[in-house]
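First the proteins, then the strands, lettered A, B, ... as listed; each starts at 1.
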Amino acid sequence: MDYQFKDIEQKWQQFWADNKTFKAENTTSKPKYYVLDMFPYPSGAGLHVGHPLGYIASDIFARYKRLKGFNVLHPMGYDSFGLPAEQYAIQTGQHPSVTTEANIATYRRQLDQIGFSFDWDREVRTSSPDYYKWTQWIFMQLFNSWYNKDADKAENIAKLVEHFENKGSAGINAVSDEEVLSFSAGEWKAFNLQEQQAELLKYRLTYLRESTVNWCAALGTVLANDEVKDGFSERGGYPVEQKKMMQWSMRITAYAQRLLEGLDTIDWPEPLKEMQRNWIGKSVGASVRFPLDKTTHLSQLTTNYIEVFTTRVDTIFGVSFLVIAPEHELVAEWTTPEQKADIDAYITQTKKKSELDRMADTKTVSGAFTGSYVTNPLNGAQIPVWIADYVLAGYGTGAVMAVPSGDQRDYLFAKHFNLPIIPIIDIQNIEVEADPTKEGKYINSDFINGLSYKEATAAVVAKLEELNLGKAKVNFRMRDAIFGRQRYWGEPVPVYFKGGLPYLIEEEHLPLLLPEIDKYLPTESGEPPLGRATGWKHEHGEYELSTMPGWAGSSWYWYRYMDAHNDKEFASREAIEYWKDVDLYIGGSEHATGHLLYSRFWNKFLKDIGKVVEEEPFKKLINQGMIQGRSNFVYRLIDDEGKGTNTFVSHGLIKDHKTSPLHVDVNIVENEILNLNKFKAWREDFADAEFILENGKYICGVEVEKMSKSKFNVVNPDDLISRYGADTLRMYEMFLGPLEQSKPWNTNGIEGVFKFLRKFWKLFHDADFNFNVSNEAPTKAELKSLHKIIQKVEQDIERFSFNTSVSSFMIAVNELTDLKCNKRAILQDLVITLAPYAPHISEELWTLLGNPAGSISTAAYPKFNPAYLVEDEFSYPVSFNGKMKTNVSLSLTMEAADIEAAILANADVQKYLDGKTPKKVIVVKGRIVNIVI
RNA sequence: GCUCAGAUGGUGGAACUGGUAGACACGCAGGACUUAAAAUCCUGUUCCCGUUAAAGGAGUGCGGGUUCGAUUCCCGCUCUGAGUACCA
């Protein structure tokens, strides 16, 4: 029979499911290998053809690793808490769990059709109570921990309490809120429980505090920084504003340095690491205090200095003014009565500016003078204090020392408000703009005059420390991660409130189940949806009303796969010590500063508390490219009145007509040629459409856009599978181009891959499609074809170059077809090399060859023998001055010196030499010769 | 603006450490089989000139450089895509 992909694929998918062929064991003598995909959010639209790209690549790798003798863990699950299900619930009243369940069923059906080798016994769902029990448990561990900077790790909060009881707050070097109390052991003990808890909250790794958040009114929730793009929500594109709220936060900043250093130890794409580095944003500098100048008299001062952060302390003698952010907490008290009107007007003006205006308008210089002066701590110079919106409240101390000669923004500000610009380096050129050079020697700079950058920086820091007015400081751009969402469909926070302070629920009461509610909207009083739940309280107080953010469940899920059904721990010690970490993680780069950063953070924390063994969770990471949509257009003719007609103009002719483009379903277009009958049937109003054709065809226009229903450019894997089969789809997705490259989907070439699989099938069959392989010994030429592909597939998979492997398979099969090769010894090995790419057809042929069903999954990958690739005789390409001219056939047994002589004796070479003596003859081991004349 | 990635035929793309550029596939053209179509198979297909054939010339975004030899390395530029955005 001809290649019957439908029967074959159904049969083997059933076989794999029935026999649990891909079940991974947690103990075995084989070495382990963990291949992980980023688990999907099960959206209602189902999978389009772009989603499985990474899954196919990881599946090929997983299957290959099994052939190479590894015990492979290759699981799949669902990140099933999320916004879309909840919004659907708001509109329809349908419980999100019902929608989610239905979507998961669709996803599972689609995934199964592609023939993945997942171990489905280990499936996880973040929205399942068995799972989120442990997400809540990890939250509790974070709540019960603080970061000890001396030990450089997280420790149990009990240790901190013990220290407070014995020594008070002295000697504690922790990552904490800014305003912590100083107290003695006695004072600590005198605090009441309430006061103690309030103080401890400032140290906990997950904590509650009033913070400025990105509030999205349309979504009714706060968003993390990485969920906001240009002032709008990433999901839905709704406006986002800044708002102060009591919020749960995660002290990820405690791990900033380790998150940065860890990047050097992992095999990730460099651009991705760079994105994380930028996000963490380490800058090394100093904090400096500028005391209030004697000439300024203010009442009601909380502090009599302003602290700034700078990366260039060496330029401190060039400071001619100070700028603080309009939102800075000291603005009000540092404004003199005379300047109050000015300052108030300015603050009102900046408040009016939206986030977007402020970003777009970076050219205009604006600001206002507070009327106050500070003193330069090193030379006593009197320095005015200004406010301006180019200084951000959220970074550093929200105040900067302005050095117009060295910083362009300060320079423009000084020019605009006529403030002095002091040159401080001898080679500085500040005629038209600031010059931030670090070369040259300092001038106008007191005790650092004549020093170099490095010497000056050290000297200034030393002096400031001596005066107790400044110190070296490292600053990070990264902020603590907001951890609360005012939504329903997420993990409940396992906390109740007593006296306005949070307390953990008892561990034995986990999971804290998500309660049922009547509507999925905020309450009338503006509380989150959980405020509607009846009886939502602990015996000692009300439960928290916000739920955890989307990234909570995905920040540890790879551990759950190791031991997915454990109800005593998130995963057993043995399982974690066996699987350790993820060897290969494949997913999109859009998670660079979200999921991938939070996961590294939680992993480091879990390592600190001794629950996991590796510092980094994902040893190697590959970013698959995004598959874009490829839209087709038809061009509707416009009549003289400007109205659209029912006549359509072929793309090549549109310059001669007045037309308007219209998206057309890509599924009725093949190689840009519109199927006219299908077009007429596509929409009722096109039933009597007329066409202006070129060469008898209607050619459509093409554009690359995002894949979406409204653009009619969604290609569904189900359609392709029913037409060509899963093996063809798998190989075609790989054939499309390099895995890491983004590219538009184009179904045009899929026939080529389908033809290849049919030829492959035919190799094993005679003209009447009877299975027909011979037991004769293979010839040299056949062995050469086989070993070329054995080597190539191995090399390609190891370097994730799957597209070139597909080409090599085609070459090998063409060669063997030409040789009419049906030798068992060749075909048996050949089918193993193809198995990772096209598993169904391989399984079928493997059993036809007489092997036990299913045993191909763990067959040994054929051993490559280079001897088969060596030829007895080969030809040397000969070039003259680098230009190819001729080939000279030589025997392999010749010595190097003889080769040169034989080449020069060749008739063609003689002809090109034309009697001249060559200056040099270069013979390279790659069998290349260049003769320099 | 800054950071990163990329640019090769009509199209997707190959060329692993500098060594015969365009593998493989799509498309297109021609042919075989067929009453016809589908399927299959064969031949050709970077461009220019020429053409029965041969021979010749140019060519990997643009301009330079290093080298016997550059798609590959170096310098400058243009364009495209992604990330980021007053970070002191």
Side-chain angles (χ1 to χ4, degrees), chain A residues 2 229-230 269-275 277-279 281-283 285 308-312 315 323 358-363 365 388-392 394-403 406-410 412-413 436 475-478 589-590 592-593 625-626 628 670-673 702 704 732 735-738 740-753 755-756 758-759 762 792 795-796 798-799 801 803-811 814 875-887 918-933:
Chain A
D2 200 354
K229 294 268 178 288
D230 300 333
E270 205 45 52
L272 197 90
K273 288 192 193 181
E274 202 54 35
M275 278 166 75
R277 282 192 196 105
N278 289 338
W279 189 262
K282 179 178 180 172
S283 48
V308 303
F309 174 74
T310 176
T311 53
R312 291 295 300 273
T315 63
V323 188
R358 211 162 144 169
M359 275 193 298
D361 183 26
T362 57
K363 300 276 184 301
V365 177
D389 64 3
Y390 79 85
V391 174
L392 305 175
Y395 183 76
T397 59
V400 303
M401 58 178 224
V403 184
D407 183 284
Q408 186 58 20
R409 291 158 306 178
D410 298 345
L412 292 172
F413 196 86
N475 215 4
F476 292 95
R477 178 153 63 210
M478 184 168 66
S589 60
E590 66 271 23
T593 52
M626 272 239 289
Q628 295 134 301
E670 205 157 329
N671 286 316
E672 320 327 337
I673 299 166
V702 181
V704 173
Y732 184 61
F735 184 65
L736 215 50
E740 305 197 39
Q741 187 179 303
S742 286
K743 57 226 158 203
W745 176 265
N746 186 346
T747 311
N748 288 345
I750 198 167
E751 293 276 352
V753 173
K755 274 190 217 166
F756 156 75
R758 289 224 301 240
K759 279 191 202 168
K762 276 193 187 167
K792 183 78 164 103
Q795 284 174 350
D796 283 351
E798 302 278 0
R799 63 191 174 109
S801 175
N803 55 326
T804 52
S805 282
V806 179
S807 293
S808 303
F809 278 121
M810 293 178 176
I811 297 170
N814 282 340
S875 69
Y876 266 74
V878 179
S879 58
F880 292 83
N881 289 342
K883 296 220 175 203
M884 251 302 293
K885 290 293 183 186
T886 190
N887 284 291
K919 276 189 201 143
K920 216 197 287 183
V921 177
I922 295 147
V923 181
V924 188
K925 65 170 186 289
R927 309 172 185 176
I928 300 291
V929 177
N930 191 25
I931 297 173
V932 187
I933 309 171

Identify which nucleotide among [options] has an atom closest to any side-chain atom of [X], counting heavy atoms from C-beta outward.
| X | options | value |
| --- | --- | --- |
| P271(A) | C86(B), C4(B), A25(B) | C4(B) |
| K759(A) | A39(B), C41(B), A5(B) | C41(B) |
| V400(A) | A88(B), A23(B), C68(B) | A88(B) |
| Y395(A) | C87(B), A25(B), A39(B) | C87(B) |
| V391(A) | A14(B), C24(B), A88(B) | A88(B) |
| R758(A) | G13(B), U3(B), A39(B) | A39(B) |
| R799(A) | C87(B), A25(B), A15(B) | A15(B) |
| I811(A) | C24(B), U40(B), C87(B) | C24(B) |
| R409(A) | C87(B), A15(B), U3(B) | C87(B) |

Pairwise side-chain contact, [X] with [Y], heavy-atom cut-off 4.5 Å (strictly under):
| X | Y | answer |
| --- | --- | --- |
| R312(A) | V403(A) | no |
| F735(A) | N803(A) | no |
| T310(A) | V400(A) | no |
| I811(A) | K792(A) | no |

Does E751(A) pair with R758(A) as a salt bridge, N-O distance under 4.0 Å?
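So E751(A) does not pair with R758(A) through a salt bridge.
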Determine the contact category for [X]: base if any of its heavy atoms lies under 4.0 Å from a base atom, sugar-phosphate if only primed atoms, P, OP1 or OP2 are that close, otherwise nothing.
| X | result |
| --- | --- |
| N803(A) | sugar-phosphate |
| N814(A) | sugar-phosphate |
| P744(A) | nothing |
| F735(A) | base |
| K755(A) | sugar-phosphate |
| Q741(A) | sugar-phosphate |
| L736(A) | sugar-phosphate |

Starting from [atom2] on [N], measure out to [atom1] on [X] and report it in whole angstrom.
| X | N | atom1 | atom2 | value |
| --- | --- | --- | --- | --- |
| F756(A) | C26(B) | CZ | P | 13 Å |
| M626(A) | G6(B) | CE | P | 18 Å |
| L272(A) | U3(B) | CG | P | 19 Å |
| R312(A) | C87(B) | CZ | P | 15 Å |
| N881(A) | G57(B) | CG | P | 13 Å |
| E590(A) | G83(B) | CD | C1' | 12 Å |
| M810(A) | A23(B) | CE | P | 14 Å |
| R477(A) | C87(B) | CZ | C1' | 5 Å |

Is there a Watson-Crick or G-U wobble partner for [N] with both distances under 3.5 Å, and which nucleotide is it?
| N | result |
| --- | --- |
| U46(B) | A58(B) |
| G6(B) | C79(B) |
| U52(B) | none |
| A70(B) | none |
| U40(B) | A32(B) |
| U20(B) | none |
| U84(B) | G1(B) |
| U11(B) | A25(B) |

I would like to know whether S807(A) and T804(A) meet side chain to side chain donor-acceptor pair (under 3.5 Å); could you show each step before the answer?
CA-CA 5 Å; S807(A) 293; T804(A) 52; over 6 Å; no
Between [M] and [N], how far apart are the [atom1] atoms? Round to whole Å, please.
| N | M | atom1 | value |
| --- | --- | --- | --- |
| G9(B) | A15(B) | C1' | 15 Å |
| U60(B) | G22(B) | P | 14 Å |
| U66(B) | G13(B) | P | 34 Å |
| A37(B) | A55(B) | P | 38 Å |
| C79(B) | U8(B) | C1' | 16 Å |
| A7(B) | U71(B) | C1' | 11 Å |
| A5(B) | C75(B) | P | 13 Å |
| A21(B) | G59(B) | P | 13 Å |

Pick the nucleotide of RNA chain B nearest each of I673(A) and N475(A); which residue has the one closer to the 5' end?
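On the 5' side of the pair lies I673(A).
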Want to settle it: does S879(A) or P738(A) sit nearer the 5' end of RNA chain B, counting the closest nucleotide to each?
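Upstream on the strand: P738(A).
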On the side chain of N930(A), is there an atom forming a donor-acceptor pair with the base of C68(B) - under 3.5 Å, no angle test?
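Result: at least one qualifying N/O pair found.
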Does the pair S283(A) and N475(A) meet the rule for a side chain to side chain donor-acceptor pair (under 3.5 Å), with working shown?
CA-CA 5 Å; S283(A) 48; N475(A) 215 4; 5.3 Å; no
What's the separation between atom CE in M275(A) and atom CD in E590(A), rounded to the nearest 0.5 Å?
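One finds 9.0 Å between CE of M275(A) and CD of E590(A).
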Taking only side-chain N and O atoms of S589(A), does any of them lie within less than 4.0 angstrom of OP1 or OP2 on G83(B)?
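No, no such contact exists.
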Do S808(A) and S805(A) have side-chain atoms, one donor and one acceptor, less than 3.5 Å apart?
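No, S805(A) and S808(A) have no side-chain donor paired with an acceptor closer than 3.5 Å.
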For G31(B), does the O4'-C1'-N9-C4 or O4'-C1'-N1-C2 angle fall within 90° of 0, making it syn, or is it anti?
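Nucleotide G31(B) adopts anti.
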